[in-house]
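Inspection log for the structure reproduced underneath, given as structure tokens.
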Amino acid sequence: MGLGNVFLNDLIELKQKGALDGATRVMEIGAQQISDSLMIAPGLPEAYKLFGCTSPPVMTPVGTENFTKSAPSSAPFWSALGFQRSAIDVDGDAIRIDLNRGKVPRRLRGAFDLVVNAGTTEHVANQMNAFRIIHHLVRVGGVMYHELPAGGLIDHGLVGYQPKFFNMLANFNGYEALYIRFTAWGPAKIPEYLRKQNPYGGDTVIDCSIRVALRKLHPLPFVCPFDAGDGAPRPWLTILHRTLKNLSLRKSRPGADAFRPGASG
């Protein structure tokens, strides 16, 4: 998992748009490393200038060793930009939260201005819980950034993503979609075991990725989206429906903690 040149350009754009004004705390979903493409990116000096960095860290490209233990952690990069960086992962000094079944500790709820999911949730089976965790980590007004596989990349992870997934995720949770970008990177070999089972299916597939930036606008519980097609509820209708439902349940069950204001979904 690593942050590259494309991520850097997206970060610069978010800063220029004012989406990261005053942001000081970032949470990585999966502890990230810095790729060679970011270290040598033409936009890196601009990023440091935008974020007010006066002492850029020294980062040395590692070539073919990249994304191994030789690649540098993202921590110095975030620190140079003025962020206090945290990460959720299964090893190292990261915070341990099981993306399949875990919950965000109360002390971390709404504690982050930016949550970065750069190639992690595709390795998780329980998508509802993974995206609920992201929802709980970010503060109201904060940004959730995703860079994930959207086609091809066979056997890279457990799932791939459609643009509609993020449209529905935003719609059902009242997020503001700052952008949703789909990129085709080029042909890649289909694994041999699949070619043997599908002799008429061709030898290559196009690898694609999706990059999404969403802004959380409301302190409401997370709602798992479904494929509602053109009939998806408008964000304000979703919010109104959930609010009325919670109020109704509180009346029918006085004192029920599960439906107190601010309780998580």
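Heavy atoms only: backbone and side chains are in, while hydrogens, waters and symmetry mates are out.
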> Between Y193 and N198, is a side-chain hydrogen bond (donor to acceptor under 3.5 Å, both in side chains) present by the stated rule, with each step listed?
Replying inline: CA-CA 9 Å; Y193 79 92; N198 299 274; over 6 Å; no

>> Within 45 degrees of the ring normal and closer than 6.0 Å to the centroid, is that where the cationic atom of R181 sits relative to Y179?
In response: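 Because its charged atom sits under 6.0 Å from the ring centre and within 45° of the axis, R181 does stack over Y179.
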
> Are R25 and F112 in a cation-pi setup, meaning NZ or CZ lies under 6.0 angstrom from the ring centre and within 45 degrees of the ring axis?
Replying inline: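 Yes, cation above the ring, under 6.0 Å and within 45°.
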
Do [X] and [Y] have side chains that approach each other closer than 4.5 Å (heavy atoms only, starting at C-beta)?
X: I210; Y: P163; result: yes
X: L8; Y: L3; result: no
X: V223; Y: N173; result: yes
X: T121; Y: I134; result: yes

> Which value, rounded to the nearest 0.5 Å, describes the distance between M39 atom CE and T60 atom OG1?
Replying inline: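 The distance works out to 7.5 Å.
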
>> Quick test of your reading: applying side chain to side chain donor-acceptor pair (under 3.5 Å), list the pairs with at least one residue in residues 137-147, sequence neighbours left out, ordered by first then second residue.
In response: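 Counting only pairs at least two positions apart or across chains, the side chain to side chain donor-acceptor pair (under 3.5 Å) contacts touching residues 137-147 are D10-Y145, D113-R139, N117-H146.
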
> Yes or no on ring pair (Phe, Tyr, Trp, His ring centres under 6.0 Å) for F182 and F166, after CA distance, side-chain angles and deciding distance?
Replying inline: CA-CA 12 Å; F182 191 92; F166 291 100; over 10 Å; no

> Do the side chains of W185 and I190 join up, straight or via other hydrophobic residues, at under 4.5 Å, putting them in one cluster?
Replying inline: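 Unlinked, W185 and I190 end up in two clusters.
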
> Would a hydrophobic clustering, with Ile, Leu, Val, Met, Phe, Trp and Tyr connected at side-chain separations under 4.5 Å, put L14 with V140?
Replying inline: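 Different clusters.
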
>> Evaluate Q162 against M168 for side-chain contact (heavy atoms from CB on, under 4.5 Å), listing each step before the verdict.
In response: CA-CA 10 Å; Q162 294 292 329; M168 293 296 104; over 6 Å; no

> Is the distance between the ring centroids of F226 and F172 under 6.0 Å?
Replying inline: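 Yes; F172 has its ring centre under 6.0 Å from that of F226.
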
> How far apart are the C-alpha atoms of Y161 and V159, what are their side-chain angles, what is the distance that settles it, and do they pass the side-chain contact (heavy atoms from CB on, under 4.5 Å) test?
Replying inline: CA-CA 7 Å; Y161 296 87; V159 300; 3.8 Å; yes

> Does the side chain of E122 pick up a donor-acceptor pair with the side chain of Q127 at under 3.5 Å?
Replying inline: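 No, because no side-chain N or O of E122 sits under 3.5 Å from a partner of the opposite role on Q127.
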
>> Within a 6.0 Å radius of atom CG on D93, are there more than 12 heavy atoms belonging to other residues, nucleotides or ligands?
In response: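 No, CG of D93 has 12 or fewer neighbouring heavy atoms, counting only those of other groups under 6.0 Å.
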
> Does K49 NZ have over 12 foreign heavy atoms under 6.0 Å away?
Replying inline: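 It does not: K49 NZ has 12 such atoms or fewer within range.
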
